[in-house]
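A short worksheet on the structure shown next.
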Amino acid sequence: MQTLKLVAVSAGLSRPSSTRLLADRLAKATEERLTERGRPVEVQVVELRDLAVDIAKHLVSGFPSPALGSAIDAVTRADGVIAVTPVFTASYSGLFKSFFDLIDPDALSGSPVLLAATGGTARHSLALDHALRPLFAYLRALIVPTAVYAASEDWGSGGDEWTAGLPSRIDRAGTELADLMAGRQPEAPAQDVDEDVDTDADEVVPFERQLADLRLD
Amino acid sequence: MQFGIFTVGDVTTDPTTGRTPTEHERIKNTVAIALKAEEVGLDVFATGEHHNPPFVPSSPTTLLGHIAARTENLILSTSTTLITTNDPVKIAEDYATLQHLADGRIDLMTGRGNTGPVYPWFGQDIRQGIPLAIENYALLHRLWREDVVDWEGRFRTALQGFTSTPRPLDGVPPFVWHGSIRSPEIAEQAAYYGDGFFANHIFWPKQHTEKMVRLYRQRYAHYGHGTAEQAIVGLGGQVFMRKNSQDAVREFRPYFDNAPVYGHGPSLEEFTEQTPLTVGSPQQVIDRTLSFREYVGDYQRQLFLVDHAGLPLKTVLEQLDILGEEVVPVLRKEFANLRPAGVPATAPLHPAVRAQEA
């Protein structure tokens with residue numbers, strides 16, 4: 001059975017960062033559920049902090065540095081994505097948004113994506129639904145029903161009578177993502193640009209067709 | 001092989017002096033640059049077309065007509081002619097007139113343009129960019145080949161019994177290149193007609209160019225115009241040279257850092273590594289330019305961008321001297337030695353130009 005690829009994107013800025021911690025916990029939960037189902041998975045974490053300058057340069061120049069190019073490829077080709085941002089000024093961070101601005105708008109179409117955010121207070125938890133969900137709905141991603149918000153206090157408390165604690169929310173979200181990923185056939189390994197001579201011609205609409213299309217209406 | 005320069009026509013402040021040329025100066029300087037290109041033995045001068053500040057070349061055939069009158073051998077071209085927002089009837093008329101005035105020394109490169117508001121200014125919709133390019137060129141192609149044209153399309157008024165005048169010089173339409181960065185539709189269009197394909201090449205990593213040229217060559221062969229190796233390919237390039245490469249880097253850096261397209265982004269070092277920009281000695285430019293054929297094959301036209309980002313006229317003219325004296329003669333010889341028999345050395349020339357060369 002081919003190995004699934006899971007990519008966690010963390011937009012945390014500090015080191016260590018609770019955003020990265022949450023990304024790692026979610027990745028681990030997903031990996032465990034997939035392993036239980038007998039699906040091997042390879043986990044890669046993309047730290048946007050390391051790519052911050054490259055992201056800004058790409059916005060200006062229109063093409064990625066090699067390091068940013070591989071991060072974009074990894075997200076684009078993943079069988080599942082975990083996207084985690086700190087909440088800044090009532091929304092995802094600018095760095096998080098800038099990275100996803102550089103992803104082709106069709107690249108995540110139909111891909112399972114788990115959304116998560118961190119913040120100093122639970123009062124911002126709806127940023128997941130007000131900001132992150134619309135962004136990934138636009139990208140036509142398959143958004144996992146449970147999104148996970150971790151406020152500072154969540155790292156040191158259990159659940160209460162209304163809400164499950166952070167560990168069980170992580171587990172539920174990871175299970176949901178694993179279920180979606182397990183149903184997918186891993187994509188064939190991407191061909192190297194140098195080898196896809198024949199696919200080039202397949203991509204193009206023959207010119208007679210392009211001309212004919214103009215005459216249709 | 002043809003070597004030349006292409007200009008964007010930007011009016012940009014010289015970051016080292018803070019001085020901005022007037023539009024009048026920029027236009028006159030452009031003419032001086034074209035005349036210099038002929039003087040130092042380059043083959044081609046091409047101008048961009050833009051309809052918004054800070055650019056001056058909104059009327060390419062006026063500029064090229066003037067240059068035609070003051071040159072003998074230079075081929076005049078465009079980079080690019082907006083096939084999307086210009087009326088193809090007017091393109092047919094303007095460039096046929098220019099072709100007569102220049103005794104055949106012209107060709108043109110069609111492009112879509114990338115400035116959103118230009119489309120509505122000329123009554124078009126940018127979302128229709130590709131269909132406009134395809135339909136408008138289909139009409140232009142017929143206007144130059146058929147004396148009387150009946151036409152009905154999506155984007156312009158129908159034509160019944162229309163004759164575009166003047167007819168092309170000696171009945172030979174100007175050669176057309178199709179310029180693109182990463183639209184396979186345009187490579188396909190160029191291949192379908194057996195026209196040239198010009199890859200902008202200069203602002204992005206080579207992979208875009210490599211892929212588009214390969215597609216164009218395959219499809220050129222598919223449509224039966226010749227073998228893939230015989231397809232007509234042109235490339236952009238961007239250079240700044242001094243005898244000593246450290247001097248070139250030092251002098252060009254402030255222009256690079258403040259350049260309109262890529263300034264305030266990647267460093268000069270990153271950009272030279274990832275794109276065809278070469279800043280250094282003439283020998284470095286020769287080596288880099290020769291390396292282009294390793295990923296696009298043997299090609300027919302190389303145009304360099306040398307006059308942008310606020311570089312003063314004097315510097316640009318010095319660059320042309322270096323190109324003409326030290327770089328292009330070597331490149332001509334090297335490319336000719338490497339080119340297999342059967343692969344054309346240039347894009348098709350008008351018979352009047354061939355006769356003059358003979």
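Proteins come first, then strands; the chains are lettered A, B, ... in the order of their sequence lines, and each starts at number 1.
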Are more than 12 heavy atoms, taken from residues, nucleotides or ligands other than [X], located less than 6.0 Å from that residue's [atom1] atom?
{"X": "Y138(A)", "atom1": "OH", "value": "no"}
{"X": "E146(B)", "atom1": "CD", "value": "yes"}
{"X": "R33(A)", "atom1": "CZ", "value": "yes"}
{"X": "R123(A)", "atom1": "CZ", "value": "no"}

Run the salt bridge (Lys or Arg N to Asp or Glu O under 4.0 Å) test against R140(A) and tell me which residues pass, sequence neighbours left out.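 For R140(A), the residues satisfying salt bridge (Lys or Arg N to Asp or Glu O under 4.0 Å) (neighbours in sequence not counted) are D106(A).
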Part of F155(B) within contact of chain A (heavy atom distance under 4.5 Å):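 Only the side chain of F155(B) comes within 4.5 Å of chain A.
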Just one of Q189(B), R219(B), H222(B) clears the side chain to side chain contact (heavy atoms under 4.5 Å, CB included) bar with F207(A), so which one? Q189(B)
Between atom CD of Q210(A) and atom OH of Y192(B), what is the distance when rounded to the nearest 0.5 Å?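 So the gap between those two atoms works out to 10.5 Å.
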For chain B, which residues of residues 50-73 of chain A have at least one non-hydrogen atom nearer than 4.5 Å to it?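 Residues K57(A), V60(A), S61(A), G62(A), F63(A), P64(A), S65(A), P66(A) are the ones that qualify, each having a heavy atom under 4.5 Å from chain B.
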